[in-house]
Each structure stands twice: as structure tokens, then as C-alpha cells.
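The block underneath contains the structure these notes are about, expressed in C-alpha cells.
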Amino acid sequence: MRSLRFFNTLGRELQEFRPLVPGKAGFYGCGPTVYNYAHIGNLRAYVVDDLISRTLRWFGYEVSHVMNITDVGHLSGDDDSGEDKMLRSAQERGQSVLEIARLYTEAFFRDTERLNILRPGVVCKATDHVPEMIALIKRIEANGYTYFAGGNLYFDVSRFPSYGELARLRLDDLQAGARVEIDANKRNPADFVLWFTKSKFENQALVWDSPWGRGYPGWHIECSAMSMKYLGEQFDIHAGGIDHIPIHHTNEIAQSEAATGKKWVSYWLHNEFIVMNSGKMSKSKGGFLTLQTLVDAGYNALDYRYFLLGGHYRSQLQFSYEGLDSARAARRSLNERVLALRDRAGEGGATSPSGAGGATSPSAVGGMTGAGAPGPAASSDPHPTPGNLEKLIGHLSPAAAARLKAFADAMADDLSTPRALAELWGILRDSLVLPAEALQTAFAMDEVLGLGLADLKREEVPSVDPGLAAEIEGLVAERHLAKKAKDWARADAIRDELKNRGIILEDGPSGTVWRLEAAALVAPAGARASGTQSPT
RNA sequence: GGCGCAGUACCCAAGUGGGAAGGGAGAGGUCUGCAAAACCUUCAUGAGUCGGUCCGACUCCGACCUGCGCCUCCA
């Protein structure tokens, strides 16, 4: 098994990945709080999680991937002064908290599916795990790390000597109250609530009985409780946004290790932000871009995935429509190359990587040139097949094997998708590699990148009004006759007229094809405002 | 005040102590009645500024300048 290296926030260095159990990887990625739509910055985290998961699997690990859905008790402040975000959102929309949670959870998975993000093996909701949280808090309490004040149970960070190690915080240096009001109940400003009681928050919609009174859990505890339930008290990787380092993950570590007395997580991976011209996007500031905004502007969700892959996950990435245009153009070109290779590979048989072991994937062979695109049944399993990498490299020609190795090295080196992408381009334009083999290699790479190359369909049919389509076909036929008569003026006039209406004609060897102009897909000017518009 | 990141061609963006990936855009070419598409070729003697270490630095060190994130919820 090839060795992987990750940048571990705990220690701030690249470290070789050594799982607790050889050949297996337990991975927890912080999921969404479902009180609003995810914006494209949020979605970067889930694409990164997906890359971690796919990469581990691709390199042969058996992966247990767990993600939470936070559907309760997420205050707008870390103390008990704020409102519950779920509740506020529910009130604004005149729906119940559970309806809100369901609405945005569904929206979230619609987005992740469009981004080709594979669903984690376990997706767990906070509201389904309150008993586990209570049980965990009891252990923390039994170990003497808590105190009760003003109706809330607090975690006492002074009892946990290594508090803040992840974020390299020094408690003495933290400016208490610099940006948030001091909670008078706290003994130390860094203390945080494990359990709130309803006495401190009147309108809480969801409450549970607990040894500390009827109330609801603090935010951080759900991740500790659920990750331990599904991955054990110690596991390999925990990922999330870089913003979680100082508070959320720091507190998770403290409470988890206070409960078990054991080191909790081995590797902490944190993704940097997508930033706008005007600064970062945030839900609470309003005015953020959703995936749907991009789709409405004419982009494919995978254009955004490609855009993300173009930068390293630990670097801030500046979002711009110019950058997204670039990604879209690149992805189109990439798809064209794959389709062209597929034509050239023909019956020779490009097989999917999983075919290296014997079976031939129907989606990768032929089919595309015949009538009808392959149905869902023909799609190969999107999950990378563990252990296939070395076997495939062994089967390839030296030139292709070198490309695939370089790709693997890039991914193994802290998920360097920019380099990996360069290798994908390399294999697709390498004249030393036969088309079928180039395809096979590219598909293997795409099991990690997730750009859907193996499931490409030939030229999507433009969705236009049937009447309009008939009219276009008529004009195309007329132009064909004009061309035969060498009436270039008439032929060009028809082409120009259609172009003015946003329809592009292209004369190919097999006749004229038409498509909608790409320019029509460019984002409207109004959508270019960058995060400064006020919420409505 | 504390923690941290970044400044690479027109744009996005990698790697590297000794030949500066890749993509987009642009330019030239092949093809075409002309286009478009596609394909091929081309595109940073130089890496914010100034010093230092070194046989040699874009890469290490220091200073400065500029931009950015976090220390409230937040991916």
C-alpha cells in the first residue's frame, strides 16, 4: 500500500498517514447546520471531504466516512445569549424547526449530488443522538471536568491542561470579551456549555430531559458523541473548515479526551476558505452564492467542482465568475477530449479501472456512438475500488503507468489536486499512449477527481421549445440547399440570423449541427455582485 | 494584542536549492467556400521590494511593502 501524507493541523506539518487499524480509515467530516442553504464556500468543505474519502479508498483503505447533520441547538453565540439559528429560521419562514431541517437537508444533498460528492457511509442527525450526547456528558462530568452555573453545565477548560493545542492557543493571551460579551457564569472565558436548560432560553422548540434539567445540548458535543458512536473512541481523521480550529474542534478535543482519557483523533485536516472580492462569504452576513445561483447562471455544478480542484484545499481560493468561466471552458475541453478518445478507442475496448480485474464496465465501452446514452444501470460504481491502483499500474504501458504514478503521487502528497489535474491533462494528450489506455487511465484518475468522465454523454440535446427547434431545422435545411448551390450569401445570412438569436451552427463532416450559444450561459450582470448585496 | 496565510505570465494556479506544472484567454497554423468547432504550435532569462546565507535561490533566513483569514456563529 502506497503511503499517503496529510498536513496535520495538530503539529502543523505533513505527516505520513498511519491508521490505527492497518488498511482501515475512520473519517469524520463536520457536516452542515441545516438552517439555510449551503453556499459555495460551505460546499468546498464537502468536496474536500469527498476527496479525502475517495483518495483513501483509491489507495486501498477501507473507509468509514461519517458526517453529521446539525439540526438543533446551534446558537448564534457560543454562550447562552444568542438565538437558536434553527428556531430563528423556522420563525422567519413560519415553519417548524423539523420542517426547516428537512427542507435544507434535502437541499444540501441535492447540491452534493450535483457536485458528484459521494454520500458518506453514515450520515447522522444530532436530534437522533441526544441520548448519546447525554451519556458522554455524564462521563465528562464524572471525570470532574464540569461545573454547573446559571442553569448550564459548563466544561472547565482549566482542568484540561492541553486545551488549545490544536489552535496553538495560550489561554493567558486570549483577550476575553474582545469581541463577544463575557458570560458571567463562566469561570474562564474559554469555558463552553455542554448542556443548556430551558430556563435560559424560553422559546427553544426542541428540548430533552437530562440529569441537568430539561434543555438541549451545546453545539460541540454532538460531533464528539456521534463520531465516537460510529468510529470508536479513537479514530483516524477529522476534517472541517479552517474556522473550526480555534473553537469548535478545540472544544471537541477537550470534551472527548476528558471523557475517555485517550487521544481522540490522529489527523486533523482543515480546508481554507473560498473568498470573494469583498472578503469571505458567510451565512450570517447574508448575501452569499449558492450552487443553484451558479446553475441558474448557466454553469454546471461540475464546473464549480473543477474550479475547486484547480486550487489546493489548504489555500484560499478567490471566487470569481472569470475563474468559473475558465473552469467551465477547461472542463468542456476535457470532456471533448475524452469523447474523442472514446471514438478513437472504438471497439478496441477501453475498460474502466474496475475492469482491470476482469469485468468490463459497459459505460466505458462503445455505447456512446450508438443510439441512446447508457442508462443508470450502465454506470460504473462511482466509488473507487480499493486496491485497484497498483494492479492497474502493473497492467499499463510505461508511459501511461508513469502518468498514473505521478497522479497518485500528487494525490498522496496532501491531496494536490492541481498537480493531479495536470496529470489528467497529460494522459489525455500524450501521443505515446494509445486511446484505449489513455481512457482507462483517465477514468482511473477520475475515480478520485469525480468529474464524471466515465459517464459522459455525447452532446446533450439543447432543451428548447419544439417549435423553435423545428424552425431551426428548417433553416438549417434551407442553408444546406443554399450551400449546395454555392449561394454563400444566403448561407451566411441564415447562419448570422441564427447567431443573433443565440444559436450556433457548426458545419462538420457529417453535416450541420446546431447548439445554443455559450454566451447565453454567461452569468447575468446582476449575479456578479460579490457578496455585498443585502439579504432580503 | 494573539494565531495564521498569501504575493509566480493577461487571468486562475502548481512544483522546486541547480531546466518555472497545468488550465483559461491571446497569437500563429492545419481543416473549411467563409466561419465555427476540433487538433497542433506558441506564450514568465524571470517569480512584491530590499538585504543575507550558498558555488548556485523563485525556492532557505531577515526586514519592509501589499492583500487576506481567524481569535463572535461560521466550511
Side-chain angles (χ1 to χ4, degrees), chain A residues 9 12 29-33 35 38-49 74-79 81-83 85 164 167-181 190 219 239-248 250 270-275 279-285 288 306-307 309-320 322-334 336-337 339-340 406 410 413 416-426 429 431 483 486-489 491-492 495-496 499 504-509 512-513 515 517:
Chain A
T9 304
R12 307 285 161 100
C30 276
T33 302
Y35 69 96
H39 60 60
I40 60 173
N42 298 132
L43 292 171
R44 182 185 205 185
Y46 307 109
V47 169
V48 169
D49 284 353
H74 208 157
L75 299 182
S76 54
D78 189 50
D79 53 20
S81 64
E83 303 173 84
K85 288 179 173 180
R168 301 197 160 170
L169 302 176
R170 282 175 296 163
L171 289 179
D172 297 343
D173 289 341
L174 295 177
Q175 290 193 335
R179 295 179 64 185
V180 66
E181 282 186 38
W219 171 36
I242 193 170
D243 54 311
H244 283 324
I245 296 171
I247 302 287
H248 183 48
T250 288
H270 292 98
N271 64 279
E272 255 292 358
F273 280 117
I274 296 294
V275 295
K280 79 163 187 174
M281 247 177 287
S282 84
K283 288 186 187 179
S284 47
K285 282 182 194 161
F288 55 83
Y306 188 97
F307 173 80
L309 262 32
H312 191 263
Y313 79 94
R314 280 192 294 113
S315 296
Q316 283 183 358
L317 194 54
Q318 173 97 27
F319 177 83
S320 67
E322 195 182 5
L324 191 58
D325 285 343
S326 173
R328 174 169 62 185
R331 201 176 69 84
R332 279 184 182 160
S333 175
L334 196 63
E336 280 303 322
R337 276 174 187 277
L339 290 169
D413 188 12
S416 183
T417 51
R419 274 200 284 154
L421 224 37
E423 293 304 329
L424 174 61
W425 280 99
R429 56 180 15 162
S431 57
K483 282 179 68 178
K486 294 196 189 296
D487 181 358
W488 308 129
D492 290 352
R495 190 169 61 197
D496 290 345
K499 180 166 170 43
I504 301 294
L505 297 189
E506 290 173 5
D507 297 333
T512 300
V513 297
R515 63 178 172 82
E517 189 173 22

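Sequence lines set the chain letters: A, B, ... in the order given, protein chains first and strands last, and positions in each chain run from 1.
- Checking B:G4, B:U72, B:G69 against every side-chain atom of A:I247, the shortest atom distance belongs to B:U72.
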Identify each atom pair where a protein N or O and an N or O of nucleotides 7-14 of chain B are less than 3.5 Å apart, giving names and distance.
{"residue": "B:A13", "atom": "O2'", "partner": "A:G310", "partner atom": "O", "Å": "3.3"}
{"residue": "B:A14", "atom": "OP1", "partner": "A:H312", "partner atom": "N", "Å": "3.2"}
{"residue": "B:A14", "atom": "OP1", "partner": "A:S315", "partner atom": "OG", "Å": "3.4"}

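- A 3.5 Å limit on both hydrogen-bonding distances identifies no Watson-Crick or G-U partner for B:U72.
- The shortest distance between the side-chain N/O atoms of A:R331 and the OP1/OP2 oxygens of B:G22 is not below 4.0 Å.
- Applying the side chain to side chain contact (heavy atoms under 4.5 Å, CB included) criterion to A:A491, with sequence neighbours excluded, gives A:R479, A:A482, A:K483.
- Considering only side-chain atoms of A:A330, the nucleotide from B:G33, B:G24, B:C40 that sits closest is B:G24.
- At least one side-chain nitrogen or oxygen of A:R429 sits closer than 4.0 Å to the OP1 or OP2 atom of B:C40.
- Listed by chain and number, the residues in a side chain to side chain donor-acceptor pair (under 3.5 Å) with A:H270 are A:T9, A:H249 (sequence neighbours excluded).
- Under the salt bridge (charged side-chain N to carboxylate O under 4.0 Å, His left out) criterion, A:R419 pairs with A:D413, sequence neighbours left out.
- Residues that satisfy the salt bridge (charged side-chain N to carboxylate O under 4.0 Å, His left out) test with A:R495, not counting sequence neighbours, are A:D492.
- Using P as the reference atom, B:G52 and B:U45 are 24 Å apart when rounded to the nearest Å.
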Do any N or O atoms of the protein come closer than 3.5 Å to N or O atoms of nucleotides 34-36 of chain B, and which pairs are they?
{"residue": "B:C34", "atom": "O2", "partner": "A:R495", "partner atom": "NH2", "Å": "2.6"}
{"residue": "B:C34", "atom": "N3", "partner": "A:R495", "partner atom": "NH1", "Å": "2.9"}
{"residue": "B:C34", "atom": "N3", "partner": "A:R495", "partner atom": "NH2", "Å": "3.2"}
{"residue": "B:C34", "atom": "N4", "partner": "A:D507", "partner atom": "OD2", "Å": "3.3"}
{"residue": "B:A35", "atom": "N6", "partner": "A:D507", "partner atom": "O", "Å": "3.1"}
{"residue": "B:A35", "atom": "N1", "partner": "A:D507", "partner atom": "N", "Å": "3.2"}
{"residue": "B:A35", "atom": "N3", "partner": "A:R495", "partner atom": "NH1", "Å": "2.9"}
{"residue": "B:A36", "atom": "N1", "partner": "A:D507", "partner atom": "O", "Å": "3.2"}

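- Residue A:R332 places none of its side-chain N or O atoms closer than 4.0 Å to OP1 or OP2 of B:G24.
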